[in-house]
Amino acid sequence: MISSEQLATLVIKKVIFHDVPNASRSGAGSAPTLSEIETDVNARQKTLLQKKLTKVIGSKHAYPIQFNPIATSTVPAQIKLLTEKTPNSQKFVASTQLMANDLFEKQISMISPGLLCVIEVAAGGQAGVVLMKLERHEGAQLKLSKTGGKRTFSMSVLEDLVLTDSTRLFKAAMFVRTGSEESDFVAAACDSQLNVGSSEDLAKFWLKFLGCTFIAEPRVTTQRFFDASVEFINHVVTDGVVKNDLYASLHSELKSKRTTFSPRTFIEEYVPDEYRAPLREHLETRKVSLTAFQKDTSDIDTRLRRRSWETSKNVLISVPEDQAEIVTVTKQQVVVHDSVLKVK
Amino acid sequence: MSKLEDARRRWLKEQPQHEEFGRVLSGRIRAALQPLGIWFDVDYRAKQVDSLIKKLIKKRKHTYDSLPDKVGVRVTVRYRSELESVVQAISSEFPFSKVDYKDRPYDSIGYLSIHIDKVSLKRDDPDRRRYPATRFWAEVQIRTRAQHLWSEMSHDSIYKNDEAISELPNEIQRRVHLMAGQLEIADREFDRLAKDMPTSPATELLRMLEPYYFSFTSRRPDYELSLDILEVIAPLYGHEIALAKDHLKKFLDRKRTFLSKLYSIKQQPGATNVSPLFFQPEALAIYERLKVDTVALRSAWTRQFPESELEELASTFGINPE
C-alpha cells in the first residue's frame with residue numbers, strides 16, 4: 001500500500017491530460033483528443049495536486065493493487081517503462097498517449113467520458129506514476145491551447161475541474177517503483193463511485209484499464225468477514241439463544257488482542273454442528289476466504305461497541321452502541337423500541 | 001608590482017571560488033550541527049577585496065597566502081551553554097589548526113567569541129579535490145546572539161579593540177565597559193532564565209519537542225503560537241505529561257529518518273504543499289496525534305483553530321485526516 005510517508009514526500013514532475021470520449025456513445029469516428037506536450041504546472045497547482053492525491057490515495061477508500069500478469073492493458077508496461085529511468089518529455093508524452101488510446105478502447109457502455117491525467121512523480125525519492133480519470137459532463141468542451149505549435153490542455157483551464165471541485169467523481173491510481181525487478185512496485189487505487197468487491201462491470205472497469213487486481217487489505221478482509229457473518233446470524237440462524245451466543249462470540253473474537261483471525265477456527269470453536277456447513281457456504285458465496293487474515297477492525301469499530309443494561313433480576317439487554325437510543329429506561333421498565341423482544 | 005597590488009589581483013580572480021567554498025563548508029557545518037537539536041544560524045562570507053587589502057595593511061605579519069580569515073563562517077546560537085557543544089561538533093568533524101577561546105581576564109570585558117582557525121573540508125568530502133585544505137580554509141566564529149550584537153555594533157565604532165579603547169578618555173572608556181558588561185550579564189541571564197522558567201504541560205512538551213525540531217530544521221518558530229497550540233494538544237495525552245513525553249519521544253525516534261527527509265525536502269527552494277504550521281515544533285506532536293487519534297485531535301483543534309489549517313498540515317505529512 002502507498003504509505004503516508006510516500007505521499008508526504010511526493011514531488012510532481014510532469015503532468016499531461018488527454019480527453020477520452022466514450023467510444024460507443026460518441027459514435028463511429030470519435031477518437032481521444034491527445035495532448036502533444038506536457039502541461040505547464042506552477043507551484044500553487046502542484047500543491048493543489050499533492051493535496052488532492054493525499055486525500056484520495058490516503059483515504060480509506062483506497063486499496064492496494066498489484067499488476068495482473070494476464071491483463072490485456074498497456075498500463076503495466078507503460079508504468080514499468082516510465083519508472084525505469086526518468087523519461088524525457090517525448091517518451092513521457094508517447095507513453096501516456098498509448099494509455100489514453102487503451103482507455104478509449106475499454107471505455108464502453110455505461111462508462112462516462114473523461115480526462116485521463118498522467119503525472120510523473122517521485123515519492124520518497126523513488127520513481128512513480130499517478131493516473132487519474134476525471135469524469136466530465138457529456139458535451140462539455142475543453143479547449144486545447146497551442147504551445148510551440150503543439151497542442152496541450154492548460155492547467156488553468158482544468159484547475160477548477162480537477163482540483164477545487166470536491167464533489168466531482170474520479171478514479172485514481174498511484175504506482176511507486178521500489179526496486180529494479182518487474183514486480184517491485186507498491187500501488188493503490190481509488191474509485192470514488194464504487195465500493196471494492198462490487199461485481200459490476202463499472203467496478204471492474206478501472207482495474208481492468210490499470211491491468212491490476214486488488215490485494216486484500218486487513219481492514220477490508222475483516223469488514224467483509226464481519227458483514228457476511230452478521231448477515232448469516234441474522235437471516236439463517238433461527239434459534240434466539242444460538243443467535244445471541246454466536247453474535248457474542250463474533251464480537252469477543254474480533255475485539256480480542258490477537259492480531260490474526262481464522263474464520264476456520266472460529267467456525268470450529270463457536271458454531272454449533274448444524275450451522276457449520278451452511279456458514280462455510282454462506283461465506284463462500286460472499287467471497288470471504290476461510291484462511292486466516294491479519295485483523296484490523298478500524299472500519300467496524302463503531303459497530304463492535306455495545307451498550308448494555310442489567311435489570312435487578314439479572315436480565316441483560318445489549319444493543320449496538322450506535323442504536324442505543326432504541327432503549328429507554330424508566331423507573332419501572334425497560335422499553336426496547338423498534339424491536340420485538342422475544343422471550344424464551 | 002607591490003605585495004598589496006599582487007594580493008588585490010589574485011583575490012579578484014580567486015574570490016568567487018573562495019565564496020563558493022564558503023557556501024560548501026557552511027552547508028557541511030550546518031549538517032554537522034543539526035543533530036545537536038539546538039537553534040543555530042550559520043552564515044559565511046569571502047572577504048571583499050577592499051576588506052582584504054585593509055587587513056593586510058593592518059596585519060603586516062600576514063601575507064596573502066597566510067591570511068587566516070579570507071573566508072569566514074559564523075555560527076550563532078541562543079545560549080552560552082550551547083557554545084561548547086558547537087565547538088565539539090565542529091572540531092570533531094572537520095580538520096582545523098586551533099580552537100581560540102577569546103576569553104577575557106576577570107577584570108576585562110568586551111568582545112567574546114570562540115574562533116576555530118583554518119577549518120577545511122574532511123578528507124573524504126566529495127568536494128575536497130576542488131577545495132584542497134592547502135588552499136581553502138575558513139575561520140569559524142562561534143557566538144551567542146548577545147556576543148554577536150556586541151561584535152556587530154562595535155564593528156563600525158572606534159571601540160572595536162582594546163587598543164582603540166585604551167586611547168579614549170576615561171569617562172568614555174568607562175561607558176564602553178559598562179555597556180559590554182550589561183550585554184554579558186544579559187547573555188548569562190538569558191541562559192539562566194531558559195532553565196528557570198516555570199513549567200506547564202505545554203512548556204514541557206515544547207522543551208521536549210524543540211531538540212527534535214531543531215535537529216530537522218534551523219527555522220525559528222513562533223513560540224507564542226507554539227504554546228497556544230500545545231495548550232490545546234497537551235490534554236489529549238491525559239494527565240501524566242511525563243508518560244506523554246516518553247511516548248512522543250519513542251514515536252519521534254521511530255520516525256526520525258522519515259521526518260529528516262521530509263524537512264529536508266520541504267526546506268528546498270520551490271518546495272510545494274508546505275503548511276505554515278510545518279515549521280513549528282508542535283507540528284511534530286500534531287503529526288503524532290494525526291497518526292494515533294485523529295478524531296480527538298480534530299475535535300480539540302476545531303474548538304480553537306481553523307480546521308483547514310489542520311488539514312493543510314496533515315496533507316504536508318501525507319495524511320488524509322478524514
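What's counted below: heavy atoms across the whole structure, side chains too, no hydrogens, waters or symmetry copies. In what follows, chains carry the letters A, B, and so on, assigned in the order in which the sequence lines appear, proteins first and then strands, with residues in each chain numbered from 1.
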Contact winner vs chain A - B:I265, B:L262, B:V274, heavy-atom pairs under 4.5 Å: B:L262
Between B:E288 and B:K250, does at least one N-O distance fall below 4.0 Å, as a salt bridge requires? no
For B:F278, is it the side chain, the backbone, both, or neither that has a heavy atom closer than 4.5 Å to a heavy atom of chain A? neither
Do B:F214 and B:F40 have ring centroids that are under 6.0 Å from one another? no
So which part of B:F258 gets closer than 4.5 Å to some heavy atom of chain A, the side chain, the backbone, both or neither? side chain
Charged N-O contact under 4.0 Å between B:D127 and B:R23: no
Any idea which of B:S315, B:A314, B:A271, B:G318 has the most non-hydrogen atom pairs under 4.5 angstrom with chain A? B:G318
Of A:T47, A:L53, A:I57, the largest count of non-hydrogen pairs under 4.5 angstrom with chain B goes to A:T47
Atom CD of B:E224 with >12 non-hydrogen neighbours under 6.0 angstrom: no
Kindly check if the number of other-residue, nucleotide or ligand heavy atoms within 6.0 Å of NZ (B:K261) is above 12? no
